[in-house]
Amino acid sequence: MTLETISENRSHDGVQGVYRHTSAVTGTDMTFSVFVPDHAPGAKLPVLTYLSGLTCTHANVTDKGEYHAACARHGIVFVAPDTSPRGPGVANADSYDLGQGAGFYVDATEQPWTPHFAMHSYIADELPALIAEHFPVDPARASIAGHSMGGHGALVMGLRYPDRYRSVSAFAPIVAPSQVPWGRKALAAYCGDDRAIWRGYDAVALIEDGARRSELLVDQGTADEFLDEQLRPELLQRACDDAGIALTLNRREGYDHSYYFIATFMADHIAWHADRLNADR
């Protein structure tokens with residue numbers, strides 16, 4: 001797969017790059033960022049993929065996530081994809097919570113979204129193969145994290161593919177999209193009325209239907225303006241308790257939904273992932 005370099009900059013004893021490729025899955029050009037810490041020649045490093053939230057691109061966490069120093073310290077490659085396909089001819093909507101910038105990490109089954117909105121397959125299959133081809137990563141040591149809509153995506157990926165990800169964490173995730181306005185709107189638009197399809201993109205429903213991981217890490221700000229209506233972490237807590245999944249749910253007093261919150265606790269998440277990514281080293 002051909003890769004175009006948009007930019008590369010030295011940062012925190014590593015290289016922060018932004019790249020573009022033509023995706024066979026979405027049928028569009030896709031842009032993503034990758035931070036590669038300095039490493040010995042020939043070394044293969046663990047990789048952490050971070051999924052962003054509504055209205056974001058790769059740039060939000062790249063510019064504001066403050067992950068570079070922690071990833072350099074732990075020797076982790078950090079991958080930040082876009083949140084949806086974009087460009088001329090790609091379906092869009094007037095609202096911020098649907099269309100370009102709001103792919104919800106699902107494979108759409110409904111028009112006008114089906115030609116391009118296949119973010120689930122892009123994140124699960126195409127992007128990891130591209131990263132493994134072009135960057136010094138060990139695909140057997142991969143983890144995933146995300147924020148808000150991206151936290152939803154990370155939880156779903158980790159639950160659907162437990163053998164692909166050693167660890168899963170999220171900041172303020174949409175834990176049960178089938179039960180909240182953001183999720184119901186997106187799932188109905190992209191996937192129609194088939195609630196069985198919806199359950200495959202809903203972390204709480206996946207756990208109720210038998211998906212398992214040994215543990216999950218979630219940080220949630222108590223001053224988050226979306227907490228009660230859209231995020232509802234208590235639903236994930238209940239599902240994990242019932243399923244015997246060890247959920248660490250950190251309620252961070254006074255923190256909101258912004259990148260100030262994410263940047264504050266990003267290093268903690270990276271260290272947590274590093275312990276699991278390097279467990280057999």
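Side chains included, hydrogens not; waters and symmetry mates left out as well; all remaining heavy atoms used. Quantities reported herein were computed from a predicted structural model and do not represent experimental measurements.
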I'd like to know whether N9 forms a side chain to side chain donor-acceptor pair (under 3.5 Å) with S11, so could you lay out the CA-CA distance, the side-chain angles of the two residues, the decisive distance to 0.1 Å, and finally the verdict. CA-CA 6 Å; N9 298 94; S11 176; over 6 Å; no

| query | Given L130 and L127, is the side-chain contact (heavy atoms from CB on, under 4.5 Å) satisfied, shown in steps? | reply | CA-CA 5 Å; L130 182 76; L127 183 62; 4.3 Å; yes

What's the verdict on side-chain contact (heavy atoms from CB on, under 4.5 Å) for R212 and I245, showing C-alpha distance, side-chain angles and the deciding distance? CA-CA 7 Å; R212 294 291 182 268; I245 297 172; 4.2 Å; yes

Could you go through D202 and S178, starting from their C-alpha distance and side-chain angles, then the distance that decides it, and tell me whether this counts as side chain to side chain donor-acceptor pair (under 3.5 Å)?
CA-CA 7 Å; D202 182 311; S178 300; 2.9 Å; yes

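Across all non-hydrogen atoms, the minimal contact from R141 to K44 is NH2-O, 2.9 Å. What you find for V36 and F135 is that their closest heavy atoms are CG2-CD2, 4.0 Å. In terms of heavy-atom proximity, H147 sits nearest to A172 at CD2-CB, 4.2 Å. When all heavy atoms of Y161 and A124 are compared, the closest pair comes out as CE1-CB, 3.8 Å. Residues Y165 and I123 come closest through the heavy atom pair OH-O, 4.1 Å. Here the closest heavy-atom approach between residue V61 and residue A80 is recorded as CG1-CB, 3.6 Å.
More than 12 non-hydrogen atoms from other residues, nucleotides or ligands lie less than 6.0 angstrom from CD of E133.
Ring geometry for H68 versus F35: interplanar angle over 60°, hence perpendicular rather than tilted (30 to 60°).
Using modelled atom types, no side-chain atom of T26 and backbone atom of F117 make a donor-acceptor pair closer than 3.5 Å.
Applying the salt bridge (charged side-chain N to carboxylate O under 4.0 Å, His left out) test to pairs two or more places apart or on separate chains, those with a residue in residues 191-200 are R199-E208, R199-D209.
In this model, no donor atom of one side chain and acceptor atom of the other lie less than 3.5 Å apart for N92 and R86. Counting only N and O atoms by type, the side chains of E8 and Y19 include a donor and acceptor under 3.5 Å apart.
Here CG of L227 is found 5.0 Å from CD of Q220. Values are rounded to the nearest 0.5 Å. In this structure, CD in E4 is found 7.5 Å from CG in D29, a value given to the nearest 0.5 Å.
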Anything under 3.5 Å between a donor and an acceptor, one on a side chain of residues 148-157, the other on a protein residue two or more places apart or in another chain? List them.
unit_1: S148; atom_1: OG; unit_2: H257; atom_2: NE2; d: 2.9
unit_1: H152; atom_1: ND1; unit_2: Y201; atom_2: O; d: 3.4
unit_1: H152; atom_1: NE2; unit_2: F104; atom_2: O; d: 2.9

Sequence neighbours left out, cut at 3.5 Å: what donor-acceptor pairs do the side chains of residues 260-271 make with other protein atoms?
unit_1: T264; atom_1: OG1; unit_2: Y260; atom_2: O; d: 2.6
unit_1: H269; atom_1: ND1; unit_2: S169; atom_2: OG; d: 2.9
unit_1: H269; atom_1: NE2; unit_2: D219; atom_2: OD1; d: 3.3

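In the hydrophobic cluster analysis, where Ile, Leu, Val, Met, Phe, Trp and Tyr join through side-chain heavy atoms closer than 4.5 angstrom, L206 is grouped together with L235.
Note on D125 versus R164: salt bridge recorded, some NZ/NE/NH1/NH2 to OD/OE distance being below 4.0 Å. A salt bridge does not link D224 to R251: none of the charged side-chain nitrogens sits closer than 4.0 Å to a carboxylate oxygen.
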